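No experiment lies behind these values; they were computed from the predicted model shown. Residue numbering restarts at 1 for every chain, and letters A, B, ... go by the order of the sequence lines.
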2 protein chains.
Amino acid sequence: MSKQAALPVIDLNADTPCCPPLAVSRIPAETAAVLAPAFKALGDPVRLQLMSMIASADGGEACVCDLTPAFELSGPTISHHLKTLREAGLIDGERRGTWVYYRARPGIMRQLAALLAFDEAAAVQPV
Amino acid sequence: MSKQAALPVIDLNADTPCCPPLAVSRIPAETAAVLAPAFKALGDPVRLQLMSMIASADGGEACVCDLTPAFELSGPTISHHLKTLREAGLIDGERRGTWVYYRARPGIMRQLAALLAFDEAAAVQPV
DNA sequence: CCTCTAGGTTGACAGATATCGAATCAGCGT
DNA sequence: ACGCTGATTCGATATCTGTCAACCTAGAGG
């Protein structure tokens, strides 16, 4: 990474309550355009596993050197998937010496989860 | 791969507690292969809006005749997106007379939301 | 029967994506 | 300096995806 001039990294960092659940009020087109790439990034089995390995890793971060051998895929391919997750705003990478560590961004994950909330309370929307 | 072996409709109906959150334990490859298509289906702005329009519709269902004119897209394109959502197990369609109505499947939505849960309790996993 | 309308299916096409090998970059050791 | 290792970027390619025009199907109503 090193330089991120016009990276499409999503700004939804953490505190933004952002959006009511999908099932409560219709998502505006702009919101959909911003959040869809995050779901898209999770829409690949490899990336979903990568995301889980990173988010559930001890210490909250995972080294690429531990992620790559977990799949029967080449290094460049894993790197590509990590880049996709990064550009979707789901993870954040940091180089420490020889190795690169990734950690999940809790804010956007909570937003996606909130968007998918589907309880009885959500069904009875507050007018 | 992805030559759609058997029925595309996902079996995760409602009651399956299924999986702990992404950030709690590493997702098995099989689970990722099953759930990734659902995220993938939500990874398009049009489908995300369609999903929201359907899930938040009055009575819990929406007519295609109301969905199509909400976008500047052709009928076949909307139909294609609805098929994608249906095959991902996110919605269910029913024809009543001339019109076709779609409604959201709460089970899989709750599963996806649970998978993305990311609270402090999840971060501090029980050893 | 026939016609009309609402949706879905098919075929085709441009653009995106997943994957790899080769090349490149970034640190750490000698 | 040099080489070694981990990670990313580049180039190429096969496949997938979003979109539309054209066509087909299901009901409703003559």
Side-chain angles (χ1 to χ4, degrees), chain A residues 1-9 29 32-33 36-51 53-54 61-88 91-103, chain B residues 1-5 8-9 29 32-33 36-51 53-54 61-88 91-103:
Chain A
M1 70 216 81
S2 67
K3 59 189 321 182
Q4 64 267 34
L7 276 188
V9 172
F39 284 118
K40 186 181 206 173
L42 294 175
D44 181 279
V46 174
R47 286 196 293 266
L48 199 54
Q49 289 182 80
L50 281 171
M51 194 69 206
M53 292 174 70
I54 294 170
E61 64 182 12
C63 174
V64 177
C65 60
D66 291 329
L67 299 174
T68 304
F71 302 86
E72 294 192 348
L73 292 172
S74 68
T77 297
I78 298 297
S79 196
H80 158 71
H81 284 306
L82 289 171
K83 181 180 184 180
T84 301
L85 289 171
R86 206 170 55 229
E87 290 183 348
I91 60 174
D92 219 354
E94 179 196 2
R95 170 160 226 136
R96 284 205 300 275
T98 307
W99 298 279
V100 175
Y101 296 87
Y102 281 96
R103 57 175 57 237
Chain B
M1 62 172 215
S2 64
K3 209 48 179 212
Q4 76 192 30
V9 176
F39 284 118
K40 186 182 208 173
L42 294 175
D44 180 279
V46 173
R47 287 196 293 266
L48 199 54
Q49 289 183 79
L50 281 171
M51 194 67 206
M53 293 175 70
I54 295 170
E61 64 182 11
C63 175
V64 177
C65 60
D66 291 328
L67 298 173
T68 303
F71 302 87
E72 295 192 348
L73 292 171
S74 69
T77 298
I78 297 297
S79 197
H80 158 70
H81 284 307
L82 289 171
K83 181 180 184 181
T84 301
L85 288 171
R86 197 182 342 123
E87 290 182 349
I91 60 175
D92 219 355
E94 179 197 1
R95 168 162 227 133
R96 284 205 300 275
T98 308
W99 297 278
V100 175
Y101 297 87
Y102 282 96
R103 57 176 57 240

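- When rounded to the nearest whole Å, the span between CD1 of B:Ile78 and P of C:dT9 equals 15 Å.
- Candidate nucleotides C:dG8, D:dT8, D:dT19 were compared by shortest atom distance to the side chain of B:Pro76, and C:dG8 ranks first.
- In this structure, the NE2 atom of B:His80 is 14 Å from the C1' atom of C:dC13, given to the nearest Å.
- Atom CG of A:Leu85 and atom C1' of D:dT8 are 15 Å apart (whole Å).
- Listed by first and then second residue, the salt bridge (charged side-chain N to carboxylate O under 4.0 Å, His left out) pairs that reach into residues 61-70 of chain A are A:Glu61-A:Arg96, A:Glu61-A:Arg103, sequence neighbours excluded.
- Taking the side chain of B:His81 as heavy atoms from C-beta on, and the options D:dG18, D:dT8, C:dA18, the nearest nucleotide is D:dG18.
- For the OP1/OP2 pair of D:dG18 and a distance below 4.0 Å, the side-chain nitrogens and oxygens of B:Thr77 include no atom meeting the criterion.
- In this structure, B:Met53 and B:Ala62 approach most closely via the heavy-atom pair O-CB, 4.3 Å.
- Contact check, A:Lys40 against C:dT17: a side-chain N or O comes under 4.0 Å of OP1 or OP2.
- Computed from coordinates, the B:Glu87 CD to C:dT9 P distance equals 9 Å when rounded to whole Å.
- Regarding A:Lys83, its NZ atom lies at a distance of 16 Å from the P atom of C:dT19, rounded to whole Å.
- Distance CZ/A:Arg47 to NE2/A:His80: 6.0 Å, rounded to 0.5 Å.
- The minimum heavy-atom distance linking B:Ile54 with B:Tyr102 is given by the pair CG2-O, 3.4 Å.
- Taking side-chain N and O atoms only, A:Arg47 has a distance below 4.0 Å to OP1 or OP2 of C:dA18.
- Atom CZ of A:Phe71 is separated from atom P of D:dA7 by 14 Å (rounded to the nearest Å).
- Using modelled atom types, no side-chain atom of B:Arg86 and backbone atom of B:Ala88 make a donor-acceptor pair closer than 3.5 Å.
- One atom, CG of B:Asp44, and another, C1' of D:dT19, lie 11 Å apart when rounded to the nearest Å.
- In this structure, B:Gly97 reaches the sugar-phosphate backbone alone: every heavy-atom distance under 4.0 Å involves primed, P, OP1 or OP2 atoms, never a base.
- Comparing C:dC20, D:dC20, D:dT17 against the side chain of B:Leu73 picks out D:dC20 as the nearest.
- The minimum heavy-atom distance between B:Leu42 and B:Leu48, with the atom names listed, is O-CD1, 3.8 Å.
- One atom, CZ of A:Arg96, and another, P of C:dG27, lie 14 Å apart when rounded to the nearest Å.
- Judged by distance alone, with hydrogens and angles left aside, the side-chain atoms of B:Ser79 form no donor-acceptor pair with the main-chain N or O of B:Gly75 at under 3.5 Å.
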Every protein N/O within reach of nucleotides 2-7 of chain C N/O, cut-off under 3.5 Å:
unit_1: C:dG7; atom_1: OP1; unit_2: B:Cys65; atom_2: N; d: 2.7
unit_1: C:dG7; atom_1: OP2; unit_2: B:Cys65; atom_2: N; d: 3.4

